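Structure record follows, encoded as structure tokens.
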Number of protein chains: 2
Amino acid sequence: MEDSEFEHLLRSAGLRVTRPRLAVLRAVRRQPHADTATLLAAVRVEEPSVSHQAVYDVLGALTDSDLVRRIQPAGSVARYELRVGDNHHHVVCRSCGTVADVDCAVGVRPCLDASDTHGFVIDEAEVTYWGLCPTCAADRAPAAAAP
Amino acid sequence: MEDSEFEHLLRSAGLRVTRPRLAVLRAVRRQPHADTATLLAAVRVEEPSVSHQAVYDVLGALTDSDLVRRIQPAGSVARYELRVGDNHHHVVCRSCGTVADVDCAVGVRPCLDASDTHGFVIDEAEVTYWGLCPTCAADRAPAAAAP
DNA sequence: CGGCTTTCTTGAACGAGTCAAGTTTTCCGG
DNA sequence: CCGGAAAACTTGACTCGTTCAAGAAAGCCG
């Protein structure tokens, strides 16, 4: 994903090309699953004068235009990643909150067909796996084995 | 689920049986997927003196003991339902936020086996279906058909 | 029934996210 | 290349779900 492509993506979505928006896109590319505060800090390395609010606005606009995807595991603040089009899901560490991408084993449209949907018109199935990341699992196992 | 069973469940979990706790359990049974504010109001019908904080504490204790399950779709406040043990998931209306239960079509442990988990130790797969509830879908369809 | 904990009440505080007003920037048409 | 309308940004205040802290009350074991 080149910088010039970001510009093209913005125009295709009917959005104006601005320095804050390019900086946010670069920050999201550099740090997938980062929260707003982290992205703000990253943006300010390149563009020190970008405001708090601008990052919220930009992330909102990018999310509405499907250039960026917002995820928010329970108990976490909003996190963002570049919209990649493939159907991937996320695994979240219960201990430290780290998020990683996972492909679903079932196929391209996993679980999108629920049995009884109560008349809901479903357009997306979001799968969140919960568990422990390698680091937290390692920290925990020895403690249980040697009391 | 009888009231006397709530008492038993609390004791089995090593929790003391209190009026606030029983009232919260009844409220959650009566209004599945309700948020904290709704549950607080429901509790106060029976127990007017129960505090704000008590409901948060109780819901936290019940969640930790697995008597109650906390769900939190992106963009929503925390919602609660009685822990029923079966493997069901949720469908959320993008428009009004309504939540309904759905059984997953794939089986008892749907999607629990992700392909590459990056070394995470996974203990749960949570599926959230997103779409429009019957009411919101109906409100929207005519508007698109008759411009 | 007494005493040790757990739980609850009260009241303040925190923080992610939003709202609002005014200024700056983008970009289209001339 | 320039002017002006619309979109985007800055600044600063504010909302609201949730948490923190200290002291009072209630549950439960012996």
Side-chain angles (χ1 to χ4, degrees), chain A residues 4 6-25 27 33-44 46-65 67-68 70-80 97 99, chain B residues 3-4 6-27 33-44 46-65 67-68 70-80 97 99:
Chain A
S4 58
F6 286 153
E7 192 174 327
H8 179 65
L9 286 172
L10 287 169
R11 291 194 202 282
S12 309
L15 296 174
R16 292 182 178 174
V17 178
T18 67
R19 298 175 68 78
R21 282 176 177 171
L22 290 173
V24 167
L25 283 167
H33 312 135
D35 59 24
T36 310
T38 303
L39 293 172
L40 175 59
V43 163
R44 283 185 170 163
E46 318 180 333
E47 305 282 344
S49 69
V50 169
S51 68
H52 178 75
Q53 188 61 29
V55 173
Y56 275 97
D57 286 350
V58 167
L59 288 171
L62 296 179
T63 301
D64 290 346
S65 304
L67 300 187
V68 150
R70 169 190 284 131
I71 63 172
Q72 189 170 12
S76 166
V77 296
R79 294 162 175 275
Y80 298 87
V99 176
Chain B
D3 267 42
S4 58
F6 285 153
E7 193 174 326
H8 179 66
L9 285 172
L10 287 170
R11 290 193 203 282
S12 309
L15 296 174
R16 293 181 177 174
V17 177
T18 68
R19 298 175 67 77
R21 283 176 176 169
L22 291 173
V24 167
L25 282 168
R26 281 192 293 266
H33 312 135
D35 60 24
T36 310
T38 303
L39 293 172
L40 174 60
V43 163
R44 283 184 170 163
E46 318 180 334
E47 306 281 346
S49 69
V50 169
S51 70
H52 179 76
Q53 187 60 28
V55 172
Y56 275 95
D57 286 351
V58 167
L59 288 170
L62 296 179
T63 300
D64 289 346
S65 304
L67 300 187
V68 150
R70 170 190 285 130
I71 63 172
Q72 189 169 14
S76 165
V77 296
R79 295 162 175 274
Y80 298 87
V99 176

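Keep in mind the model is a prediction, meaning the values are calculated, not measured. All values below were derived from every heavy atom in this structure, side-chain atoms included, with hydrogens, water molecules and symmetry-related copies excluded.
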Testing dC27(C), dC8(C), dC28(D) for proximity to the side chain of Arg16(B), the answer is dC28(D)
Value in whole Å for how far the C1' atom of dT11(D) lies from CZ of Arg44(A) = 12 Å
If only side-chain N and O atoms of Arg11(A) are considered, is one of them under 4.0 Å from the OP1 or OP2 phosphate oxygen of dT26(C)?
-> no
Please determine, for the side chain of Val77(B), which listed nucleotide (dG17(C), dC19(C), dT18(D)) has the closest atom?
-> dT18(D)
Protein-nucleotide distance (Ile71(B), atom CD1; dG17(D), atom P), rounded to Å = 17 Å
Does dA16(C) have OP1 or OP2 sitting under 4.0 Å from an N or O in the side chain of Thr36(A)?
-> no
Which listed nucleotide (dT9(C), dT10(D), dT18(D)) is nearest to the side chain of Val50(A)?
-> dT10(D)
Short side-chain N/O contact to dC9(D) OP1/OP2 from Thr18(A), under 4.0 Å | yes
Roughly, in whole Å, what's the span from CD in Glu47(B) to C1' in dT9(C)?
-> 14 Å
Would a distance-only check, ignoring hydrogens and angles, find a side-chain to backbone donor-acceptor pair under 3.5 Å from Ser76(B) to Gln72(B)?
-> no
Given atom CD of Gln72(A) and atom C1' of dG15(C), what is their separation to the nearest angstrom?
-> 14 Å
Between NE2 of His52(B) and C1' of dT19(D) the distance, given in whole Å, is 9 Å
Testing dC8(C), dA21(D), dT10(D) for proximity to the side chain of Gln53(B), the answer is dA21(D)
Among dT10(C), dC8(C), dG17(C), which is the nearest nucleotide to the side chain of Ala78(A)?
-> dG17(C)
Nearest heavy-atom neighbours spanning Ala23(A) and Glu47(A) | CB-CG, 3.9 Å
Under 4.0 Å: is that the gap between some side-chain N or O of Ser49(B) and OP1 or OP2 of dC8(C)?
-> no
Has Arg21(B) got a side-chain N or O lying under 4.0 Å from the OP1 or OP2 atom of dT7(C)?
-> yes
Atom-to-atom span, CG of Leu40(A) to P of dG15(C) - whole angstrom | 16 Å
Heavy-atom pair of closest approach, residues Val43(A) and Ala27(A) | CG2-CB, 4.1 Å
Atom CZ of Arg19(A) and atom C1' of dT26(C): how far apart are they, to the nearest Å?
-> 13 Å
CG of Leu22(A) versus C1' of dA8(D): gap in Å, rounded?
-> 13 Å
Sidechain-backbone polar pair: Arg70(A) side chain, Arg79(A) backbone, donor-acceptor under 3.5 Å | no
What nucleotide, of dC28(D), dT10(C), dG17(C), holds the atom closest to the side chain of Tyr56(A)?
-> dG17(C)
Comparing Pro20(A) and Val17(B) on DNA chain D - which has the more 5′ nearest nucleotide = Pro20(A)
Could you tell me whether the side chain of Val58(B) reaches within less than 4.5 Å of the side chain of Leu25(B), counting heavy atoms only?
-> no
From OG (Ser65(A)) to CG (Leu10(A)), nearest 0.5 Å | 8.0 Å
If you check every side-chain atom of Leu15(A), which of dC27(C), dC8(C), dA8(D) has the closest atom?
-> dA8(D)
